[in-house]
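Here's the structure we're looking at; comments come further down.
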Amino acid sequence: MKRNNLFSIKMRASSEREHISGAERIVPENEISKVVKELTERALYHPKGKPDSIHLKIELLEKSPIYLKLLDIYEIADRENYTIKEILTELFKKAKIDSNIGLSIYRALISGASPAGTVMRGAMIVDCQTGIRLEPDKFRGIRASYMDITPEGEENLKNLVGERFTPNMKDAVVLSTKVLSHPDVIAELCISDDPDYTTGYFSIKGLGYIRIRNIKPYGLSKGGRAFFVKGKINRKGLIEYMETTPVLINKVGNYTFAPLSSIILGA
């Protein structure tokens, strides 16, 4: 796909000014109509309810995309043997993040991380050594945007994970691949704010994307994401990369279904 034939399509749906759903794609010109229909239907039939406003933005990419390989994907085979606190504690240790800091961020996400106690539209930036939040706007956060997976990459992902493939999973691991590709980010925690989607993830640089079933109670319409960074960072450069640099995934890695202890020792 040539740069001058690639368009970004973004969908945002809301009801009474409250965010319901969002999605985005990067596609060639001849696929715009089909993808606009798909994203519109996704907005109209979302579990959080009917929107009263759907915004679609279509724009020609101004930058050539960076091509990346998808993060390796892990599924915890013995999830039922652990509490969520036990799982996250082990994963924070693996990422060299103080578990007290990590668990405080988890609690903030499931209770509403904005100053008003509502769901942030974007992500936190968290200094993993101090727990200090670095995002300029703590209501908005920062948005990872301009990313997608090529058709060949998506087909390979479906073959890799089989029946576990869902659009939610695809979008999540694509986004996390972009996030973890930035040199300042060492980990990402994500919890969906969809009330009936309780699978979240924790991604660790050098290891991969770890899916976590029942990361929150069913029916809870709060969640969000946090990017964990370490040391002195270029905050402006980080935000610019996340919000403006296009990324396309064209290769997939490995899929591992294993006990938590094996995943922790996996890298």
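Quick caveat: nothing in here was measured; it's all calculated off a predicted structure.
When side chains are defined from C-beta on, Asp196 counts as touching Tyr218, because their heavy atoms get closer than 4.5 Å. Residues Ile215 and Leu189 meet the side-chain proximity criterion, which asks for heavy atoms closer than 4.5 Å. Looking at heavy atoms from C-beta onward, Leu109 lies in side-chain contact with Met124 at the 4.5 angstrom threshold. Taking the side chain as every heavy atom from C-beta outward, Ile97 and Ile186 approach each other to under 4.5 Å. Contact of the Ile264 side chain with the Leu91 side chain is registered, since non-hydrogen atoms from C-beta on lie closer than 4.5 Å. Counting heavy atoms from C-beta outward, Val35 and Glu38 have side chains that approach closer than 4.5 Å.
The ring pair (Phe, Tyr, Trp, His ring centres under 6.0 Å) analysis of residues 170-212, with sequence neighbours excluded, yields the pairs Phe92-Phe202, His182-Tyr241, Tyr201-Tyr209. Evaluation of the ring pair (Phe, Tyr, Trp, His ring centres under 6.0 Å) test over residues 111-162, restricted to residues two or more places apart or in two chains, returns none.
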Side chain to side chain contact (heavy atoms under 4.5 Å, CB included) between Asn214 and Ile84, intermediate numbers included: CA-CA 8 Å; Asn214 299 321; Ile84 188 58; over 6 Å; no
Stepwise side chain to side chain contact (heavy atoms under 4.5 Å, CB included) check, Tyr106 with Ile191: CA-CA 9 Å; Tyr106 168 78; Ile191 304 163; 3.5 Å; yes
Derivation of the salt bridge (charged side-chain N to carboxylate O under 4.0 Å, His left out) call for Arg140 and Glu135: CA-CA 9 Å; Arg140 177 185 182 274; Glu135 67 275 14; over 6 Å; no
Full working for side chain to side chain contact (heavy atoms under 4.5 Å, CB included) between Leu70 and Val174: CA-CA 7 Å; Leu70 200 70; Val174 166; 4.2 Å; yes
Side chain to side chain contact (heavy atoms under 4.5 Å, CB included) between Met147 and Leu175, intermediate numbers included: CA-CA 7 Å; Met147 66 249 162; Leu175 185 149; 3.4 Å; yes
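Across all their heavy atoms, Val252 and Gly153 have their closest contact at CG1-O, 3.7 Å. Smallest separation of non-hydrogen atoms from Leu6 and Leu60: O-CD1, 3.4 Å. Shown here for Gly22 and Arg12, the closest heavy-atom pair between the two residues is CA-NH1, 3.5 Å.
Taking the ring axis of Phe257 as reference, the NZ or CZ atom of Arg164 stays within 45° of it and closer than 6.0 Å to the ring centre.
The closest donor-acceptor contact from the side chain of Ser192 to the backbone of Asp194 lies under 3.5 Å.
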